[in-house]
Amino acid sequence: MTDNTRPFGASDRPEFLPAGEEPQDPPGGPPPSTGPYGMGPGWAPPPLYPVAPQPEPRGPNIALYAALAVVIALVAGGVASWGTFLLTRPSSGIDPGYALSTPSKQPTARPPESVAGVAAKVLPSVVSLEVKGNSESGTGSGFVIKGGYIVTNNHVVVVAGQAGEIRIRYNDRTSSGARVVGRDPNSDIAVVKPDGAVRAPELPLGNSDGVVVGDPVIAVGSPLGLTGTVTTGIVSSLNRPVEAGGSTGSDYALINAIQTDAAINPGNSGGPLVNAAGQVIGVNSAIATVGGSLLGQQSGSIGLGFAIPVNQVRRIAQELITTGTARTSRIGITIDQSYQGQGVRIATQTEGGAVPVTPGGPAAKAGLHAGDVILEVDGQPVSDSRELIVTIRSKAPGDQVRIRFRHDGEVRTATVTVGAAPAPSARPS
C-alpha cells in the first residue's frame with residue numbers, strides 16, 4: 001500500500017525551481033485521487049448524532065416593554081422639568097410672575113352661643129378704669145349695669161381716695177371722667193358713675209346660685225392694661241374662702257368665691273365673669289400666684305382665679321346706689337381664733353371689748369352660747385373661721401340659715417336669721 005502522508009514537519013509550501021524550468025510530474029504520473037478535492041485520502045463525512053429539538057422562538061413581551069417605556073418616559077419628563085427649572089429660574093430667587101391664591105369668602109357671623117358670639121355681646125358693656133391718686137395709680141375693669149352705673153372692685157378705685165381722678169374708657173375707644181358712688185371694703189365691691197351720658201349697653205346679671213362646677217365661663221376685662229381681652233375656662237370650684245382685697249382688720253374682704261381656670265391677670269379686677277348666655281355670674285377679684293416676680297410685681301395667672309358671686313354683688317351694688325353704703329351680714333358672735341379642733345368655736349370670754357355672743361343678736365336669739373362649736377351651716381361643714389365668715393357674708397340680712405353646733409357635748413340644730421353689722425356713715429370717695 002502506498003503511503004501518501006507526509007512526515008511531521010514536512011513543508012506544504014511549493015518548492016521554487018530555477019528560472020526557465022517547469023515542474024515535472026513524478027514518475028508514473030500524478031497520484032490517483034482518493035476523495036473530494038482538497039481532502040486527504042482518509043477523509044470521511046462526520047458521524048451522525050441525535051440532536052435535541054430546539055424551542056420555537058417566542059415573540060417579544062409586550063407588557064414588560066410597555067411598563068419599561070412608561071418608567072423611562074416619567075424619568076425623562078422629571079429630568080427635563082428639573083433641567084427646565086434650573087435653566088429658567090432667576091438667580092436672585094425673585095419671580096415676577098409668582099402669586100398666591102386669593103382667600104375664599106367665609107361668613108363672619110358666629111353662632112350666638114359660641115365664645116365669639118358671647119364676646120361680641122359682652123364686650124361693648126365692659127370698660128377699663130384708669131385711677132390716679134396723690135401718690136398711686138392703677139388700672140382695672142368694670143361693666144355697665146342698669147342706669148349707666150358701673151360695677152368694679154373696691155380695691156380698684158380706693159387709690160383715688162377723696163381727691164383722685166377716675167377715667168372710664170369704653171370699648172368703642174371713647175372715654176369720660178367718673179366719680180365713686182359708694183364702695184364696700186368688706187365685699188370688695190364699688191360702684192362708679194360716669195360723667196355724662198353712657199352709650200354702652202347694660203350687661204344682664206345672672207343667678208350665681210345656679211352655677212355648678214364644670215360650667216363654661218368667659219372672663220372679660222383689661223389685664224395689664226390690654227383692654228377688651230377675652231379668656232375662657234370653666235367653673236373649677238365653688239365656695240372658696242378668698243381674701244379679695246380691701247382693708248385689713250376685722251372687716252377685711254373675704255368672699256365666698258367662684259373659682260375658675262379662665263386666665264385672670266392683674267387688671268382683670270372688677271371685670272365680669274359671664275356664663276354661656278352672656279349673663280354675669282361673678283366679678284373677677286383675685287388670683288392665686290406662686291412665688292414672686294422681678295421688681296416686686298405680682299405674677300400672672302396660674303389657672304386659679306376667683307370671682308365674687310353675682311347674687312352678692314347685686315345686693316351690695318343696689319345698697320351702694322340707694323344709700324352710699326352696704327351692710328355686712330353677721331350673726332353676732334366672736335370667734336375663738338386659737339381653737340384647733342373640728343368646726344369653729346365661739347369665744348369663751350370677752351376679747352378686745354367684743355363679747356362672745358352679742359346680747360339680743362341673731363345667735364343669742366337662736367340659743368347659741370359662748371364656747372359652743374359650730375359644725376355646719378345649711379348642711380355644709382365648716383372647718384375654720386374663714387369658711388364660716390364667707391358663708392354668712394354671702395347671705396343677705398334677713399336670710400335664715402340652719403346651724404348645727406355642739407353645746408356641752410350635745411349636738412344641736414338651730415335656725416338663725418342673719419343680721420347686719422351697724423352701717424357706717426355714707427362716705428363716697
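Here the structure is a predicted model, which is why all the values come from computation and not from measurement.
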Trainee: So if I apply the side chain to side chain contact (heavy atoms under 4.5 Å, CB included) rule between R386 and each of L254, I335, N256, T391, which one comes out positive?
Mentor: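 For R386, the side chain to side chain contact (heavy atoms under 4.5 Å, CB included) check succeeds only for L254.
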
Trainee: Measure across S285 and H155 and return the closest heavy-atom pair with its distance rounded to 0.1 Å.
Mentor: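 Reported closest heavy-atom pair: O-CE1, 3.4 Å.
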
Trainee: In sequence, state the C-alpha distance, the side-chain angles, and the governing distance for N311 and N207, and then conclude on side-chain contact (heavy atoms from CB on, under 4.5 Å).
Mentor: CA-CA 6 Å; N311 286 2; N207 181 9; 2.8 Å; yes

Trainee: I'd like to check the side-chain contact (heavy atoms from CB on, under 4.5 Å) partners of D195; sequence neighbours left out, ordered by chain and number.
Mentor: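 D195: side-chain contact (heavy atoms from CB on, under 4.5 Å) contacts with R179.
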
Trainee: To check you understand the geometry: which heavy-atom pair defines the closest contact between D336 and S338, and what is its length?
Mentor: OD1-OG, 2.6 Å

Trainee: Measuring only between side-chain heavy atoms, which start at C-beta, is I374 closer than 4.5 Å to L368?
Mentor: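 In short, these two side chains touch, coming nearer than 4.5 Å.
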
Trainee: In this structure, are over 12 heavy atoms from other groups packed under 6.0 Å from Q318 atom CD?
Mentor: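 Result for CD/Q318: open.
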
Trainee: Would you say V283 and F143 make side-chain contact, with heavy atoms under 4.5 Å?
Mentor: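 When only atoms from C-beta onward are counted, F143 and V283 do touch, with a gap below 4.5 Å.
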
Trainee: So that I can tick it off, tell me whether R315 and D399 are bridged by a salt bridge, with the cut-off set at under 4.0 angstrom between side-chain N and carboxylate O.
Mentor: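 Judged by the 4.0 Å cut-off on N to carboxylate O distance, D399 and R315 do not form a salt bridge.
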
Trainee: Within the supplied structure, the quantity of interest is the number of heavy atoms (other residues, nucleotides, ligands) at a distance under 6.0 Å from K365 NZ; does it exceed 12?
Mentor: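 Count not over threshold, so no.
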
Trainee: Who passes side-chain contact (heavy atoms from CB on, under 4.5 Å) against N268, sequence neighbours left out?
Mentor: P223, I264, N265

Trainee: Please determine whether the number of non-hydrogen atoms from other residues, nucleotides or ligands lying under 6.0 Å from atom CD of Q342 exceeds 12.
Mentor: no

Trainee: Is any side-chain heavy atom of I234 less than 4.5 Å from a side-chain heavy atom of D261?
Mentor: yes

Trainee: For a quick test of reading the model, state the closest non-hydrogen atom pair linking I308 to D188 and the distance between them.
Mentor: CD1-O, 3.9 Å

Trainee: Quick one, S141 and N284 - any side-chain contact, counting heavy atoms below 4.5 Å?
Mentor: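 Contact flag for S141/N284 side chains = no.
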
Trainee: If we only count heavy atoms from C-beta on, is the P194 to I150 side-chain gap below 4.5 Å?
Mentor: yes

Trainee: Under the side-chain contact (heavy atoms from CB on, under 4.5 Å) criterion, do V212 and D215 qualify, and how do the steps go?
Mentor: CA-CA 6 Å; V212 299; D215 278 350; 3.3 Å; yes

Trainee: Could you tell me if the side chain of V122 sits less than 4.5 Å from the side chain of L203, heavy atoms only?
Mentor: yes

Trainee: Using side-chain heavy atoms (C-beta onward) and a distance below 4.5 Å, is V126 in contact with P272?
Mentor: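 A side-chain contact exists here, since the closest heavy-atom pair is under 4.5 Å.
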
Trainee: Any idea which heavy atoms bring R314 and L205 closest together, and the distance?
Mentor: NH2-CB, 3.4 Å

Trainee: Quickly, which of V211, T232, T260, I258 forms a side chain to side chain contact (heavy atoms under 4.5 Å, CB included) with V217? Name it, please.
Mentor: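 When V211, T232, T260, I258 are each tested with V217, the side chain to side chain contact (heavy atoms under 4.5 Å, CB included) holds only for T260.
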
Trainee: Not counting sequence neighbours, which residues clear side-chain contact (heavy atoms from CB on, under 4.5 Å) with V159? List them please.
Mentor: V131, E136

